[in-house]
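Take a look at the structure below.
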Amino acid sequence: MKVVVITGSGGLVGVEAVKFFSDKFDVVVGIDNDSRGYFFGKGGSVAKNIEKHLQEVDNYVHYPVDIRDKDRTDKVFGEYGTDIKLVINTAAQPSHDWSGRYPLEDFEINALGAVNMLEKTRQHCPDAVFIQCSSSKVYGDVVNKNEFIETETRYDFPTDHTYYEGFREDLPVDQSLHSPYGSGKLASDSMSQEYARYYGMKVGIFRPNCITGGPHSGVELHGFLSYLVKCTTTYNVFGYKGKQIRDNIHAYDLVRAFNEFYLDPKPGEVYNLGGGRANTCSILEAIDLVKDITGKTVDYVILDDPRVGDHIWWIGNNSKFIADYPNWSITVSLEEIIKEIHENAIQARQKVIA
Ligand SMILES: NC(=O)c1ccc[n+]([C@@H]2O[C@H](COP(=O)([O-])OP(=O)(O)OC[C@H]3O[C@@H](n4cnc5c(N)ncnc54)[C@H](O)[C@@H]3O)[C@@H](O)[C@H]2O)c1
């Protein structure tokens, strides 16, 4: 029997991973306690996504368990043992601002929870491939020390700049401001590498910037594109004149990359995987795109202060991943992503009315 364990199975990446892997494994084990609802309130809850898995995915088994809970996670992993061939750890507290308010709880989930998942894998299924969803935030604000050119709608690098096509994995990760979120993610990222190098496990680490897609339960504190498309009040732009650059990857393309790694693991490797230059936008450009694609005019205000430690510009350079996995490329464009989020929002509203 082949089992995949997906933590955070009700979240954005988790939903896509459940869909993608359900016909490739005999059993899909989802672990998610709807903490997103606890972090962000009703608008953030993923209960509807979990319900949908249970109704539509025949081989899906759900465990509403906290990834920090050593005993209960031990029982889940113990039940399937070495039948577990793949573990994807997407469960996390994902917001900078939330982590600033509750640093201890954030660290417990993002760092200790991740290590608990690595440890359960080591104890019960050490040959399984383990994917750690890390983040571009592990680099902290060192990226802001670059000189950018400023256009009417965005900050950018000149075309001959070494990072024009995106930041490579050669950036330093310390001696900069990360936010507690970024530091917690860095701790779990580093431990994930350690489980590959020290314990010899097949661990892969992915450091995306903005993951997005239709099922995202976007809220002001996390999931900017989803929140922007759905926002019915004034949208707050946090600093940088709205010209900060975000690199958007559809969760489906990210999960396809996980699958490439699963089929041919390269233990301990880290990848800055993102949507690439073609899928980037500034907040100002995103607001224009939403209008062009959906007809919706977003009422917005630009605040002076950026979020603490927020990046002015991020594009992840995909060339290391593509060199290792030449069959992979981006398949969902930014325009398609916005269209999908918009259509999902309409369907959700229609369901509420019905
Ligand atoms: N979305 C992004 O833009 C982005 C960017 C970079 C990195 N990441 C990372 O990618 C991963 C997935 O992000 P996402 O957008 O799918 O997040 P998400 O918030 O949509 O999903 C995370 C899921 O984990 C669950 N969860 C949280 N804490 C838990 C706990 N203690 N026990 C069990 N379940 C718990 C939540 O209920 C939620 O369903 C996270 O590790 C995040 O840090 C996300």
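One-based numbering, in listed order, for ligands and for the atoms of each. Heads up: numbering here begins at 1 and tracks the sequence.
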Contact check, Thr7 vs ligand 1, heavy-atom distance below 4.0 Å: no

Out of curiosity, is Lys137 lining ligand 1, as in a heavy atom under 4.0 Å away? no

Would you mind running through ligand 1 and noting each atom that sits below 4.0 Å from a heavy atom of Ile109? 28 (N), 31 (N)

Atom 37 (O) of ligand 1: the protein heavy-atom neighbour that sits closest, reported with distance to 0.1 Å: Asp32 OD1, 2.8 Å

How are the rings of His124 and Phe77 set relative to one another: parallel (under 30°), tilted (30 to 60°) or perpendicular (over 60°)? tilted

Quick one: does Glu105's side chain have a donor or acceptor within less than 3.5 Å of a partner on Phe107's backbone? no

Tell me: protein heavy atom nearest atom 20 (O) of ligand 1, and distance? Leu12 N, 2.9 Å

Which of the atoms of ligand 1 are close to Val65, meaning less than 4.0 Å from one of its heavy atoms? 32 (N), 33 (C)

Gly10 heavy atoms, cut-off 4.0 Å: which ligand 1 atoms fall inside? 39 (O)

Between Lys137 and Asp189, is there a salt bridge with N-O shorter than 4.0 Å? no

How are the rings of Trp314 and Phe167 set to each other: parallel, tilted or perpendicular (split at 30° and 60°)? tilted

Identify which of Ala92, Gly8, Gly184 has a heavy atom lying nearest to atom 27 (C) of ligand 1. Ala92

Applying the ring pair (Phe, Tyr, Trp, His ring centres under 6.0 Å) criterion to Trp313, which one of Tyr155, Tyr139, Phe157 satisfies it? Phe157

How far is atom 13 (O) of ligand 1 from its nearest protein heavy atom, and which residue and atom name does that atom have? Val13 CG2, 4.1 Å

Looking only at protein heavy atoms, which one is nearest to atom 41 (O) of ligand 1, and what is the separation? Lys185 NZ, 2.7 Å

A student checking ligand 1 against Cys210 at a 4.0 Å heavy-atom cut-off should list atoms 3 (O)

Atom 43 (O) of ligand 1: nearest protein contact (heavy atom, Å): Tyr181 OH, 2.7 Å

Using a distance-only test with no angle check, is there a side-chain donor-acceptor pair under 3.5 angstrom linking Asp106 and Ser99? no

Does any N or O in the side chain of Asp34 come within less than 3.5 Å of the main-chain N or O of Ser45, such that one atom is a donor and the other an acceptor? no

Can a donor-acceptor pair be found between the side chains of Glu119 and Gln123 at a distance below 3.5 Å? yes

Any atom of ligand 1 sitting under 4.0 Å from a heavy atom of Pro208? yes

Report, in ascending order of atom number, the atoms of ligand 1 lying under 4.0 Å from any heavy atom of Pro94. 19 (O)

Min N/O separation Gly14 to ligand 1 under 3.5 Å: no

Ring geometry between Tyr271 and Phe261 (parallel below 30°, tilted from 30 to 60°, perpendicular above 60°): perpendicular

Determine yes or no for a side-chain-to-main-chain donor-acceptor pair under 3.5 angstrom, with Asn248 supplying the side chain and Leu334 the backbone. no

Against heavy atoms of Thr90, which atoms of ligand 1 measure under 4.0 Å? 11 (C), 12 (C), 22 (C), 40 (C), 41 (O)

Distance from atom 21 (O) of ligand 1 to nearest protein heavy atom, with residue and atom: Gly11 CA, 3.2 Å

Axial cation check for Tyr325 ring with Lys266, 6.0 Å and 45° limits: yes

Heavy-atom contact under 4.0 Å between Asn209 and ligand 1? yes

Between Lys24 and Phe20, is there a donor-acceptor pair closer than 3.5 Å when you use the side chain of the first and the backbone of the second? yes

Could you identify the single nearest non-hydrogen protein atom to atom 35 (C) of ligand 1 and state the distance to 0.1 Å? Asn33 OD1, 3.4 Å

Around atom 4 (C) of ligand 1, find the nearest protein heavy atom and jot down its residue, atom name and distance. Ile211 CD1, 3.5 Å

Quick check on Ser134 - does any of its heavy atoms sit under 4.0 Å from an atom of ligand 1? yes

Counting heavy atoms only, which of Met117, Arg36, Gln93, Glu16 comes nearest to atom 18 (P) of ligand 1? Arg36

Those atoms of ligand 1 less than 4.0 Å from some heavy atom in Asp34: 37 (O)

Determine yes or no for a side-chain-to-main-chain donor-acceptor pair under 3.5 angstrom, with Asp26 supplying the side chain and Asn59 the backbone. no

To the nearest 0.5 Å, tell me how far Ile6 CD1 sits from Phe25 CZ. 8.5 Å

Considering the heavy atoms of Asp66, write down every atom of ligand 1 situated less than 4.0 Å from one of them. 30 (C), 31 (N), 32 (N)

